[in-house]
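Atoms within each ligand, like the ligands themselves, are counted from 1 in listed order.
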Amino acid sequence: MAAKIIDGKRIAAAVREEIRTRAAALTERSGIVPGLAVVIVGENPASQVYVRNKKRACEEAGFYSVVIEMPGDTPQNALLDKIEELTEDPKIHGILVQLPLPPQIDERAVIAAIPPDKDVDAFHPENVGRMMLGEPRFLPCTPAGIMKMLELEGIPVEGKDCVVIGRSNIVGKPMAMLLMQANGTVTVCHSRTKNTEEIARRADILVCAVGRAGFLTADMVKEGAVVIDVGMNRNAEGKLCGDVDFEAVSQKASYITPVPGGVGVMTITMLLENTLRAAESHETVH
Ligand code: GUN
């Protein structure tokens with residue numbers, strides 16, 4: 001049977017409408033306008049697209065947003081100075097430094113320099129630790145967006161066999177943690193896993209975050225599985241596509257997310273949610 005396509009755009013639109021309403025209420029109550037600063041270093045074309053989309057989403061939600069573009073040869077200290085300036089800016093509640101960074105900059109030093117209460121990516125070690133302990137301040141945007149999709153589609157996680165393919169700090173690791181916290185039984189596969197195909201075939205919920213077009217083929221998917229595609233690749237014709245062989249897998253899965261229009265729009269939605277939460281927390285502090 002053909003899978004139900006999880007419409008990320010529709011779900012994201014509904015969640016963003018709620019965020020917009022909450023933001024307007026916050027502004028009305030306290031004069032606070034949620035503010036996000038996005039810093040991009042260099043001219044990675046994919047990053048430029050993501051940053052543009054983040055800015056547009058902020059504007060649509062009624063947020064204040066600034067994009068800071070720095071040249072590709074920016075020294076690390078200049079980026080750290082910029083982060084300090086944004087840290088002290090009361091209009092800015094969330095700071096996001098777009099990854100990847102050029103080789104002269106140590107990504108870990110940059111992430112550690114963002115104050116945890118403005119770290120709307122939830123990449124700072126303190127926020128990673130809090131999430132791991134089940135006491136999150138912010139949730140990492142992509143995994144949180146996927147959990148929101150599952151919840152709003154009425155797909156239960158409890159007791160399910162969940163397989164995450166990919167172990168990045170941004171997606172794979174936190175995804176596994178959130179699925180486990182939702183009482184799923186989680187297996188993580190990665191480039192050194194010997195029998196990924198076989199493990200994938202056991203999954204009730206299969207999250208693929210590998211970064212290779214056409215990686216997940218239909219023979220790796222159990223009949224009726226829920227398939228979440230985190231890939232953002234360009235195929236030979238330059239078209240945006242995920243990690244999943246959508247045509248074939250959608251004949252076997254019960255639910256599937258498309259690319260574009262799936263996980264990506266939810267990621268940005270959760271970034272708005274985190275920025276709003278950061279702004280809302282200022283209401284009680286001041
Ligand atoms: N690069 C790819 N995804 C992300 C993300 O979620 N946040 C940041 N800061 N950079 C990214």
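- Taking only nitrogen or oxygen atoms, main chain and side chain alike, Leu99 reaches within less than 3.5 Å of ligand 1.
- Considering only non-hydrogen protein atoms, atom 11 (C) of ligand 1 sits nearest to Gln98 NE2, 3.4 Å.
- For the ligand labelled ligand 1, residue Phe123 lies inside the 4.0 Å heavy-atom shell.
- Ion pair Glu273/Arg22 flagged as a salt bridge, since at least one NZ, NE, NH1 or NH2 atom sits closer than 4.0 Å to an Asp/Glu carboxylate oxygen.
- An N or O contact shorter than 3.5 Å is missing between Leu96 and ligand 1 by distance.
- The shell of residues lying under 4.0 angstrom from ligand 1, judged by heavy atoms, excludes Thr142.
- Between Arg137 and Asp117 there is no salt bridge, since none of the side-chain N atoms of the basic residue sits less than 4.0 Å from a carboxylate O of the acidic one.
- Nearest non-hydrogen protein atom to atom 6 (O) of ligand 1 is Asp121 OD1, 3.8 Å.
- Two residues are said to be in side-chain contact when any heavy atoms from C-beta on lie closer than 4.5 Å; Val110 and Leu79 meet this criterion.
- Panel note: side chain Lys252, backbone Val221; a donor-acceptor pair is recorded below 3.5 Å.
- Looking at Arg202 and Glu198, a side-chain N of the basic residue comes within less than 4.0 Å of a carboxylate O on the acidic one, giving a salt bridge.
- With a 4.0 Å heavy-atom cut-off, ligand 1 is reached by the backbone of Val97 but not by any atom from C-beta on.
- Taking every heavy atom of both residues into account, Thr196 and Met220 meet most closely at CG2-CE, 4.2 Å.
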